[in-house]
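What follows is a single structure, written as structure tokens, with notes after it.
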Amino acid sequence: MSMRLTVVGCSGSYPGPESPASCYLVEAEHEGRTWSILLDLGNGALGALHRYVDPLAVDAVFLSHLHADHCIDMTSYYVLRKYHPDGEQVPLPVWGPRRTSRRLARAYDLPKKPGMREEFVFHRHRPDAPPVQLGPFSVQPVAVEHPVEAYGLRIAVGDRVLAYSGDTGPCAGLDRIAEGADLFLVEASFLGSADNPPSLHLTGAEAAEAAARGGAARVLLTHVPPWHDPEVVLAEARTAYDGPMELAVAGSVHEV
Ligand SMILES: [Zn+2]
Ligand SMILES: [Zn+2]
């Protein structure tokens, strides 16, 4: 059992010239078909998603948090599902923080009721409950530190684990997410040389330290903002982790 990660968008905090904002497609075979889930759907990601999968074939969306660079293309996805000429689509399950439904309705300027509830079925992340089971996937949200309610996600298929940090400062939740991951997809938004605010994002070195503590087998650094040189972020990260590590690039595919 394995899964395939496609980086749809990896630009940090806003879309850049080389990539949309955060969005990751995760696919796995199960019972004779390919199942696919999305981790986040940030600015510009829905357009790029068409290159990798039929957007109507996606099985679920998991939103790490409700900052625009992680969720705002849900407004476009709503249009695609609601008005597609193929006709009415089955409401798509979406997991997110509290008030995801209200947040997205407001973003599209829809009335709160029904908002997008006819197109999506909204579920709250429940970090204390057993993982969500969906086809081949088992998805466990873990609360992390960010200025808004935010989660990292551990996605398991069989004994393989893809761990996604979402946006976070260094915290116990981040260490839990990294633990024993086959691939640790971790944000690295800050430079070590800057005077960074606390509980917001990670430097490359902080991301790498969490990977090393958790014994993650491979690291993919993501969410580097366009205003930083990603090679500097990678070089800082290499000081704290000896294993295989690379920068996420839009369109890259990774077997987990
Ligand atoms: Zn972000
Ligand atoms: Zn954020």
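Along the sequence shown, the residues carry numbers beginning at 1. Ligands are counted one by one from 1 in listed order, and the atoms in each one are counted from 1 as well. Below, all heavy atoms of this structure are taken into account, side chains as well, without hydrogens, waters or symmetry copies.
- The set of protein atoms (N, O or S) found at less than 2.8 Å from the Zn ion (ligand 2) reads His65 NE2, His67 ND1, His146 NE2, Asp167 OD2, by chain and number.
- Of the possible donor and acceptor atoms, none in the side chain of Asp69 sits under 3.5 Å from a partner among the backbone N and O of Tyr14.
- With sequence neighbours excluded, no residue satisfies ring-ring contact (aromatic ring centres under 6.0 Å, His included) with His84.
- The environment of CZ in Arg218 is crowded: more than 12 heavy-atom neighbours from other residues, nucleotides or ligands sit within 6.0 Å.
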Distance-only check: which donor-acceptor pairs under 3.5 Å involve side-chain atoms of residues 180-188, not counting sequence neighbours?
residue, atom, partner, partner atom, Å
Asp182, OD1, Arg160, NH1, 3.3
Asp182, OD2, Val161, N, 2.8
Glu187, OE1, Ser189, N, 3.2
Glu187, OE1, Ser189, OG, 2.7
Glu187, OE1, Leu202, N, 3.1
Glu187, OE2, Thr168, N, 3.0
Glu187, OE2, His201, ND1, 2.7

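- His223 contributes NE2 as its N, O or S atom closest to the Zn ion (ligand 1).
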Atom pairs and distances, donor-acceptor, side-chain atoms in residues 242-256, under 3.5 Å, two or more places apart:
residue, atom, partner, partner atom, Å
Ser252, OG, Val249, O, 2.7
Ser252, OG, His254, NE2, 2.8

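- Geometrically, Arg124 does not engage Phe122 in a cation-pi contact, judged by NZ or CZ lying under 6.0 Å from the ring centre and within 45° of the ring axis.
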